[in-house]
S.K.: 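Have a look at this one before I ask anything.
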Amino acid sequence: MALCPAETMTETLSDLLCRHIATARWESLPDPARDGARRAALDAIGVIHAASGLAPEAAPFIALARANGAGPCTILGTHHTVQPLGAALANGALAHAVDYEDAFDRAPAHPNASLVPVLLALAQSQGPIDGRRFLTALAVGGDVACRIALSLRQPMEQGGWYPPPIVAAFGAVAGAANLLGLSPQQTRDALSLTLCQVTMPGEIKHSRRTTLRAVREAFPAQAALTAALLAREGVPGFEQPLEGKSAFFALYAGGQFEPDDLTDRLGTHYWGGELTFKPWPSCRGTHPFIEMALDLSARHRITPPDIAHVEVTVDGIQSMLVDPLARKQAPETAIDAKFSIPFTTALALVRGAVRLDDFDAASLADAEVLAMAARVKAHVEPGPTWQPGVGGAIRIVLTNGETCEAWLENALGCPSRPLSAAAQRAKFVDCVGRAAVPIMAEAADRLADAILTLDTLADVGALFQPPA
């Protein structure tokens, strides 16, 4: 995006970003951005379907959406059609509920869990929206969320915030603004109106009772859609919603951010082409330990009775997955189990897999799994608060005194070790087959084909009408 010198002198950071959001089009997207958007759509839609059948935590959000009246928008995986804001709320609640959605390993972001529910609500209420418009909005919104996360120089946690849903909200509203064809000024207003709504306290990590961590994306999805629609109606926002004196970076990062991370290769490089697609339905930080546990137990033919204890070495970010250790060894809720290195490692060692079925009430009470989790000890390595790779080390001490050790720089699913196309399709088929209204394998394959060729469709919303 070339700027003449006069424009460079007068254009603010918010101006530059909003002009990009408003003017990005399919024709200008590089191929990796297009491919990344297709893969993100496939992954997110599958995961939302799975949660509709597996996540009772989302039921109140679905009930509230239905209570606000029938409408044109589908709650994925169900027979229900509701109003757009209700659909964003309900599908947002489902998008992270089984913790299987994509991730951006380089910074604290899950860029599509809020974005895809917002775009689906718009595609079904503002349609017909063709596939190229939909995928462009998905690429733009996901990239904006990643850029904001990368630009932070003071961790949001330092102020007591929980970053992923906050960052995701701004990506979701950017995608909505692009899809709706908002002007740069209206886009700035939409970002401002999102800032007036979005929040997520760090207490979400500490409370033992709450399941809000599972359904957290409901709030940024609804906020982003509300903001975009109000901006289209002319509600004025702030001149500088990001870098202003009391705007986003001031509030959430103490004013500490790097503008170049927001603007570097803006419009030519899209971070959505470098996402991680999860092979296991749990927090990304647990994945290296799942992978190493599965590999070591298979290669050395280790059975649970052979194991005296397990030692894991984690970084500063992963420390939230082992602390407090007693709680992580015996989690009481599915989402807490998914955010537990001891529990997920125990699943891998005891069951030889970590699947969607492995976080139900029976699994949380499984004596063999809990006994193994109790044998997991953790060591936290001091170091940077965020690293580009998601790795760690594991040491399995056997009852005969022998040890098996492994170290992993970056777990499977990342851009350098991606899931194959076949593996991602198999994940999708498995997910939609677990919906409240399941989609059987043959129909699931057809739906996957349609999503992966979304740029050829004239009406994206029609593809997601509820099953008959």
S.K.: Could you tell me whether the side chain of Gln158 and the main chain of Pro155 form a donor-acceptor pair under 3.5 Å?
M.R.: no

S.K.: May I have the step-by-step check of side chain to side chain contact (heavy atoms under 4.5 Å, CB included) for Arg34 and Asp455, ending in yes or no?
M.R.: CA-CA 9 Å; Arg34 294 177 177 183; Asp455 50 296; over 6 Å; no

S.K.: Measure from the side-chain N and O atoms of Arg417 to the backbone N and O of Asn410, and report whether any donor-acceptor pair falls under 3.5 Å.
M.R.: yes

S.K.: Is there a donor-acceptor contact under 3.5 Å from the side chain of Thr74 to the main chain of Phe464?
M.R.: yes

S.K.: Provide the closest heavy-atom pair for Ile21 versus Ala177 in the form atom of the first, atom of the second, distance.
M.R.: CG2-CB, 4.2 Å

S.K.: Which residue pairs pass the ring pair (Phe, Tyr, Trp, His ring centres under 6.0 Å) test with at least one member in residues 148-168, sequence neighbours excluded?
M.R.: Trp161-Tyr252

S.K.: Thr226 side chain to Gln222 main-chain N or O, any donor-acceptor pair under 3.5 Å?
M.R.: yes

S.K.: Which pair of heavy atoms, one from Ala450 and one from Leu457, lies closest together, and at what distance?
M.R.: O-CD1, 4.2 Å

S.K.: Mind checking salt bridge (Lys or Arg N to Asp or Glu O under 4.0 Å) for Arg132 and listing every partner two or more places apart, or none if nothing turns up?
M.R.: none

S.K.: Given Asp35 and Arg39, is the salt bridge (Lys or Arg N to Asp or Glu O under 4.0 Å) satisfied, shown in steps?
M.R.: CA-CA 6 Å; Asp35 293 339; Arg39 293 187 72 193; over 6 Å; no

S.K.: Do you know which two heavy atoms are closest between Pro418 and Leu412, and how far apart they sit?
M.R.: O-CD1, 4.5 Å

S.K.: Could Asp15 and Arg19 be called an ion pair, given the rule that one side-chain N must be under 4.0 Å from one carboxylate O?
M.R.: no

S.K.: Judged by atom type as modelled, is there a donor-acceptor pair below 3.5 Å linking the side chain of Gln318 to the main-chain atoms of Gly391?
M.R.: yes

S.K.: Just verifying a value: how many Å separate Leu191 CG and Leu195 CG, rounded to the nearest 0.5 Å?
M.R.: 9.0 Å

S.K.: When rounded to the nearest 0.5 angstrom, what distance separates CG in Leu42 from CG in Leu447?
M.R.: 8.0 Å

S.K.: Any side-chain to backbone donor/acceptor pair from Arg213 onto Ser207? Under 3.5 Å, distance only.
M.R.: no

S.K.: Does Ser114 use its side chain to pair, donor to acceptor, with the backbone of Ala169 at less than 3.5 Å?
M.R.: no

S.K.: The criterion is side chain to side chain contact (heavy atoms under 4.5 Å, CB included); which residues satisfy it with Gln240, sequence neighbours excluded?
M.R.: Thr12, Ser14, Glu243

S.K.: Holding to salt bridge (Lys or Arg N to Asp or Glu O under 4.0 Å), I want the full list of residues that pass it with Asp43, two or more places apart in sequence or in another chain.
M.R.: Lys427

S.K.: Begin with the C-alpha distance, continue with both residues' side-chain angles, and end with the deciding distance and a verdict on side chain to side chain contact (heavy atoms under 4.5 Å, CB included) for Leu229 and Leu180.
M.R.: CA-CA 9 Å; Leu229 294 174; Leu180 287 170; 4.2 Å; yes

S.K.: In Å and rounded to the nearest 0.5 Å, what is the CG to CZ distance from Leu193 to Phe238?
M.R.: 7.5 Å

S.K.: Keeping the roles fixed (side chain from Arg232, backbone from Gly181), state whether a donor-acceptor pair exists under 3.5 Å.
M.R.: no

S.K.: Just by distance, do the side chain of Glu274 and the backbone of Trp271 share a donor-acceptor pair under 3.5 Å?
M.R.: no

S.K.: Using side chain to side chain donor-acceptor pair (under 3.5 Å) as the criterion, point out the one residue from Lys278, Arg284, Lys338 that pairs with Asp99.
M.R.: Lys278

S.K.: Looking at CG of Leu251 and CD1 of Ile166, how far apart are the two atoms once the value is rounded to the nearest 0.5 Å?
M.R.: 10.0 Å

S.K.: Please indicate whether Gln154 has more than 12 foreign heavy atoms, meaning atoms of other residues, nucleotides or ligands, lying under 6.0 Å from its CD.
M.R.: yes

S.K.: Looking at Asp358 and Arg351, does any basic side-chain N land under 4.0 Å from a carboxylate oxygen?
M.R.: yes

S.K.: Would you check if Pro288 and Val390 make a side-chain contact, meaning some heavy-atom pair closer than 4.5 Å?
M.R.: yes

S.K.: Could you label the plane-to-plane angle of the His110 and His96 rings as parallel, tilted or perpendicular, counting under 30° as parallel and over 60° as perpendicular?
M.R.: tilted

S.K.: Check whether Thr345 reaches the backbone of Pro342 with its side chain - one donor and one acceptor, N or O, closer than 3.5 Å.
M.R.: no

S.K.: Give, for atom CG of Leu225 and atom OG of Ser125, the distance between the pair rounded to the nearest 0.5 Å.
M.R.: 7.0 Å

S.K.: Which atom pair, heavy atoms only, marks the closest approach of Ala190 to Ala228?
M.R.: CB-CA, 4.1 Å

S.K.: Which residues satisfy the side chain to side chain contact (heavy atoms under 4.5 Å, CB included) test with Ala87, sequence neighbours excluded?
M.R.: Cys73, Val82, Asn91, Ala121

S.K.: Of the non-hydrogen atoms in Thr344 and Ile341, which two are nearest, and what is the gap between them?
M.R.: OG1-O, 3.4 Å

S.K.: Can you check whether Val310 reaches Phe289 side chain to side chain, under 4.5 Å on heavy atoms?
M.R.: no

S.K.: Going by atom types alone, do Asp360 and Ser363 pair a side-chain donor with an acceptor below 3.5 Å?
M.R.: yes

S.K.: Please assess Phe343 against Thr286 for the test side chain to side chain contact (heavy atoms under 4.5 Å, CB included), listing each intermediate value before the final yes or no.
M.R.: CA-CA 9 Å; Phe343 189 84; Thr286 68; over 6 Å; no

S.K.: Say you draw a straight line from OG1 of Thr263 to CD of Glu11; how long is it, rounded to the nearest 0.5 Å?
M.R.: 10.5 Å

S.K.: Name all residues meeting the side chain to side chain contact (heavy atoms under 4.5 Å, CB included) criterion together with Asp449; count only those two or more places apart in sequence or in a different chain, and write none if there are none.
M.R.: Arg425

S.K.: Of all heavy-atom pairs between Ile75 and Ala65, which one has the smallest distance, and what is that distance?
M.R.: CD1-CB, 4.2 Å

S.K.: Would you please classify the geometry between the Trp280 ring and the His287 ring as parallel, tilted or perpendicular, with 30° and 60° separating the classes?
M.R.: perpendicular

S.K.: When Thr276 is tested against each of Asp102, Leu419, Asp105 for side chain to side chain contact (heavy atoms under 4.5 Å, CB included), which residue passes?
M.R.: Asp105

